[in-house]
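Indexing begins at 1, ligand by ligand and atom by atom, following the structure's order. Only this structure's heavy atoms are used, side chains among them; waters, hydrogens and symmetry mates stay out.
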Amino acid sequence: MKDIEKSIGSCDDLKELENLRVSLFGKKGYFADAFAKMRTMGDEEKKQFAQDINVDKEKFLNLLAHKKLALEADAIAYEMQKDGVDVTLFNSDTGVGALHPVMQTMDKIIEYFVSMNFSIEEGPLVEDDFHNFEALNLPKYHPARDMQDTFYFEDSMLLRTHTSPVQIRTMLKAKPPIRMICPGAVFRRDYDLTHTPMFHQVEGLVVQKSGEVSFANLKFILEDFLKYMFGDVQVRFRPSFFPFTEPSAEVDISCIFCKGKGCRVCSHTGWLEVLGSGYVDPNVFQAVGYEDVSGYAFGLGVERFAMLLHKIPDLRSLFEGDLRLLEQFR
Ligand code: PHE
C-alpha cells in the first residue's frame, strides 16, 4: 500500500492515475480482493479488518481525487500556455491602416459643405415607396422610375436608390430654412465597369423663403465646390431632367485627364459629368406641405469622384479589398 501511495504522489499523468485507481478500486483491484478475503474471517477479525480497510479506502479515494484535480488544472494551464500569445513580444511591422479611398473622398466632400454651413442628415437604407419615389414627384408607373433599377423587398419596401429620400425626411421633420447634405450608401441593380449594386452619394438641399434663393446660388456653390475638389477646372451646366427638380441641370467639369482636349475617358468630348442638380420641383414641396419656399438640390456619386481624383479605371476594384490598391491610399 505504501508503494501505491508513493506512486499516486509522484504520478504526473491522468492516464497513469486512472491505472492506479483501477488497481485499487477496479473489479480485480486491491479493495475487491480485500473484501473477498473478509468473507473467510471470523466475526471479531472481520470487524477490525473492515474498519481498517474502510479507513484505507477513504484515504485513497481522497488521494486520487486530489491528484486528479491537480493534474487537470495542470493540463488546462499547459493548454492555455501552449496557445497563448505573449503580447509583450517584439513584433515586426504589420502596417498601418487607413481610410478607404471612397471614405477619404466622402470626407473631403463633407468638409467642403460643412465649411459652407450645411448640416449633415441621415436616413434609413431600407425605404418605402413614398420617400424614395412618390414624394419626389415619381408617382407609380411613372416612366422615370426606370432610370433607377430598384431592389425590392416582399412588403413593398425597397433599398433606397438614391439619397434623395433624405430630402423628404428632413423636410417632413423640420421647418425651412434648410441647408443640409446627406452622405450615404445607395443601391441599384447594376454591375459593370462604372456601376456596382452599392455605391455612395452625397445629396444637398437648400430651402428658403420664396425668392431668397436662386439658380445663381446653386451655380455658385457647385462651381466653388468642384474647384475645391478638382482644382483649376472649367464647370458647365447642361439642361437635363430629374423628376424632383425643375429646371434640372447636369454639371460637367473639363476633363482632368486631357485638360479638355478630348480623350478616351471623356469620350473625346472634353467634359466629364459629375453632378445632378436643379431647382426643387413645386410638387416636392407640396408633398411635404411646404408653402412659399424655393430651393435647390444636387446629388453626386462619391465613387465616381474617387475614380476621377485617383485615376482608377474600374469602379469594381474599389470594392475588392485588394491591399495592392488600398495600400496606395495611406
Ligand atoms: N437623385 C439623383 C440621382 O440619384 C441625383 C439628384 C439629386 C439630382 C438632387 C438632382 C437633385 O441620380
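Using a distance-only test at 3.5 Å, with no hydrogens or angles considered, a donor-acceptor pair links the side chain of S248 to the main chain of F242. Between the R236 side chain and the S254 main chain, no donor and acceptor come within less than 3.5 Å of each other. Between the side chain of H195 and the backbone N or O of R189, no donor-acceptor pair lies under 3.5 Å.
For the pair R316 and Y191, the distance from NZ or CZ to the six-membered ring centre is under 6.0 Å and the angle to the ring normal is within 45 degrees.
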Which atom pairs, nitrogen or oxygen on both sides, join ligand 1 and the protein at under 3.5 angstrom?
residue	atom	partner	partner atom	Å
ligand 1	1 (N)	H162	ND1	3.0
ligand 1	1 (N)	S164	OG	3.0
ligand 1	4 (O)	R188	NH2	2.9
ligand 1	4 (O)	Q201	NE2	2.9

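Under the rule for a side chain to side chain donor-acceptor pair (under 3.5 Å), the partners of Q201 that lie at least two apart in sequence or sit in another chain are T163.
In this structure the side chain of V206 never reaches within 4.5 angstrom of the side chain of I221, judged on heavy atoms.
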